[in-house]
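I have placed the structure first, in the form of structure tokens, so that the comments after it can refer back to it.
Within every chain, numbering begins at 1; the chains are lettered A, B, ... in the order of the sequence lines, protein sequences first and strands thereafter.
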2 protein chains.
Amino acid sequence: MTSMNSLTFEELGSAAQRDRRKRILDATIALASKGGFDAVQMRAVAERADVALGTLYRYFPSKIHLLVSALAREFEQANISLDRKPVPGDTAADRVIYVLSRNTRALQRDPNLTEALTRAFMFADASVANEIHAVGMHVTRMLMRAMHAQDVPSSEIEPTEEDIAVAKVIGDVWLASLVQWVTGRASAADVSKSIDVAVRLLLRD
Amino acid sequence: MTSMNSLTFEELGSAAQRDRRKRILDATIALASKGGFDAVQMRAVAERADVALGTLYRYFPSKIHLLVSALAREFEQANISLDRKPVPGDTAADRVIYVLSRNTRALQRDPNLTEALTRAFMFADASVANEIHAVGMHVTRMLMRAMHAQDVPSSEIEPTEEDIAVAKVIGDVWLASLVQWVTGRASAADVSKSIDVAVRLLLRD
DNA sequence: TCTGCGAGTGAAACGTGTTTCGATTATGCC
DNA sequence: GGCATAATCGAAACACGTTTCACTCGCAGA
């Protein structure tokens with residue numbers, strides 16, 4: 001529709017285009033992982049992805065769109081890997097904490113990447129609504145999966161209003177503590193603790 | 001100490017310098033109020049404050065430092081105005097909600113300004129730690145004041161570990177919902193509701 | 001096969017945050 | 001008052017996100 005949205009994998013016609021998109025996101029992740037937000041320079045991404053600068057901007061209309069799209073892809077992959085086996089834990093709270101802890105540890109293993117993606121997400125304005133929404137969907141889906149019994153196929157879950165509200169708040173708390181961890185205002189332990197507190201308050205059975 | 005911190009009001013020697021600092025922050029607020037984050041352009045701030053660009057950078061080492069310092073001053077003023085009379089409300093939760101609602105309404109009255117200050121706060125990295133800490137102190141102090149009985153002079157409040165933790169979480173939730181409001185992902189009503197839920201969960205008597 | 005067109009290219013240009021530096025002015029000290 | 005030092009000024013330069021544009025290329029349809 002408008003030229004203001006990132007091109008998604010689905011709406012890309014040819015295999016060559018999908019490959020370009022993949023190369024761009026790969027380059028983004030690689031540069032972010034090496035030097036954080038500042039190291040993701042549009043010229044560098046274009047060069048590394050072997051694509052002209054103008055093309056990069058055709059696929060992703062800004063650096064923020066690019067990074068938030070990269071974040072969405074990361075969460076998508078995390079979801080896929082999570083789908084492979086049931087989430088361990090006896091209660092919804094246990095399972096949610098398991099899933100969030102697992103993801104938090106993964107993020108903390110690559111601080112530069114996490115810094116880049118988190119700051120982009122926080123800095124995004126209304127023009128990035130679609131990409132942000134995609135990220136939110138992945139997080140919500142992940143939490144839904146954890147909140148429900150392990151044996152329900154994820155395609156059959158139909159979350160209640162309440163479920164979604166709770167997932168939203170938990171996602172907010174998770175993100176807020178990640179932001180603080182990224183900026184050195186909170187330790188890894190603080191992040192775990194925030195999540196623990198929030199989940200137990202919101203998901204008491 | 002390092003050249004990487006904003007010059008605070010206190011460490012400025014002469015009246016002329018304090019006046020320059022004030023002019024700079026005034027110009028920042030005015031421009032932000034008119035056009036949001038993007039309208040706060042360093043050259044424009046310098047010109048409006050009648051100060052050279054280099055001087056502006058001597059007082060505030062980056063646009064983010066500048067905006068977060070402006071945010072700190074706003075909260076400081078809110079605190080002062082709040083100190084003038086006791087906070088109404090019978091329970092801690094009521095008083096906290098009163099204070100936050102009052103501030104939220106004030107912020108929502110000037111969306112551009114709020115957008116500028118909020119986004120700067122969220123985008124800030126570790127180098128802005130001092131300024132961010134100042135903001136946190138003001139918010140914490142405001143909440144402390146509300147959580148304790150109305151007649152205790154604020155200078156005599158000595159908050160417990162627990163109090164501080166709770167205030168921190170409430171502050172996080174408040175900020176997170178403001179961010180979403182600023183980016184159009186949540187309505188004013190959503191903001192009120194988030195605060196309401198968080199406060200009642202965390203401050204049940 | 002030819003042709004027209006949209007995608008991609010390469011390079012330059014622009015805007016704004018940030019840095020730099022020599023000249024000028026203010027300030028504190030004798 | 002005269003001087004040393006620091007603060008401020010003015011203006012240019014630099015860095016990186018973003019835009020623009022003339023050009024090329026590959027391919028779908030005639």
Side-chain angles (χ1 to χ4, degrees), chain A residues 2-8 11-24 27-28 31-32 34-70 116 119-120 123-125 127-128, chain B residues 2-8 11-24 27-28 31-32 34-70 116 119-120 123-125 127-128:
Chain A
T2 85
S3 73
M4 277 298 101
N5 285 300
S6 310
L7 266 32
T8 65
E11 66 202 28
L12 250 26
S14 76
Q17 287 180 317
R18 294 180 175 208
D19 190 59
R20 263 191 206 96
R21 192 189 127 102
K22 177 181 184 315
R23 288 204 312 273
I24 290 172
T28 303
L31 289 169
K34 191 177 299 177
F37 186 88
D38 291 342
V40 181
Q41 302 190 354
M42 299 306 269
R43 291 172 177 86
V45 171
E47 184 173 2
R48 179 160 190 145
D50 203 26
V51 136
L53 190 55
T55 304
L56 172 53
Y57 273 94
R58 253 179 54 77
Y59 279 68
F60 301 96
S62 81
K63 174 169 173 172
I64 301 295
H65 285 81
L66 173 60
L67 281 165
V68 176
S69 298
R119 288 181 69 200
F123 194 61
D125 66 9
S127 76
V128 201
Chain B
T2 82
S3 74
M4 275 300 100
N5 285 298
S6 310
L7 266 32
T8 66
E11 67 202 28
L12 248 27
S14 75
Q17 286 180 317
R18 295 182 174 206
D19 190 60
R20 263 192 206 95
R21 192 188 127 102
K22 176 179 185 316
R23 288 204 312 273
I24 291 172
T28 303
L31 290 169
K34 190 175 303 175
F37 186 88
D38 291 342
V40 181
Q41 303 190 354
M42 299 304 269
R43 290 172 179 84
V45 171
E47 185 173 1
R48 180 161 190 144
D50 201 27
V51 137
L53 190 55
T55 304
L56 171 53
Y57 273 95
R58 250 180 53 77
Y59 280 68
F60 301 96
S62 80
K63 174 170 173 172
I64 300 295
H65 285 82
L66 173 61
L67 282 164
V68 176
S69 298
R119 289 183 70 199
F123 194 61
D125 66 8
S127 75
V128 201

Tell me which residues in residues 42-54 of chain B put a heavy atom below 4.0 Å from DNA chain C, sorted by number, or none.
B/Met42, B/Arg43, B/Leu53
Separation of atom [atom1] in [X] from atom [atom2] in [N], rounded to whole Å:
X	N	atom1	atom2	result
B/Leu67	C/dT18	CG	P	10 Å
A/Arg23	C/dA7	CZ	C1'	13 Å
B/Tyr57	D/dC14	OH	P	17 Å
B/His65	C/dT18	NE2	C1'	13 Å
B/Arg58	C/dA26	CZ	P	16 Å
B/Ile64	C/dG17	CD1	P	10 Å
A/Asp19	C/dA7	CG	P	18 Å
B/Arg20	D/dT8	CZ	C1'	6 Å

I'd like to check [X] versus [Y] (side-chain heavy atoms, cut-off strictly below 4.5 Å). Are they in contact?
X	Y	answer
B/Ser6	B/Tyr59	no
A/Arg48	A/Leu31	yes
A/Arg119	B/Asp125	yes

Examine distances only and state if a side-chain atom of B/Lys63 and a backbone atom of B/Phe37 form a donor-acceptor pair shorter than 3.5 Å.
yes
Which nucleotide, C/dT18, C/dT27, D/dT18, lies nearest any side-chain atom of A/Lys63?
D/dT18
Looking only at the side chain of B/Tyr59 (C-beta and beyond, no hydrogens), which of the listed nucleotides D/dT8, C/dG8, D/dC16 gets closest?
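Taking heavy atoms from C-beta onward, the closest nucleotide is D/dT8.
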What's the shortest heavy-atom distance between [X] and [Y], and which atoms?
X	Y	value
A/Arg20	A/Thr55	CD-CG2, 4.3 Å
B/Ala27	B/Val45	CB-O, 3.9 Å
B/Leu66	B/Met42	CD2-SD, 4.1 Å

Would you say a side-chain N or O of A/Gln17 is under 4.0 Å from OP1 or OP2 of C/dG8?
yes
Of A/Thr55 and B/Ala16, whose nearest nucleotide on DNA chain C comes first from the 5' end?
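Looking at the nearest nucleotide for each, A/Thr55 comes out on the 5' side.
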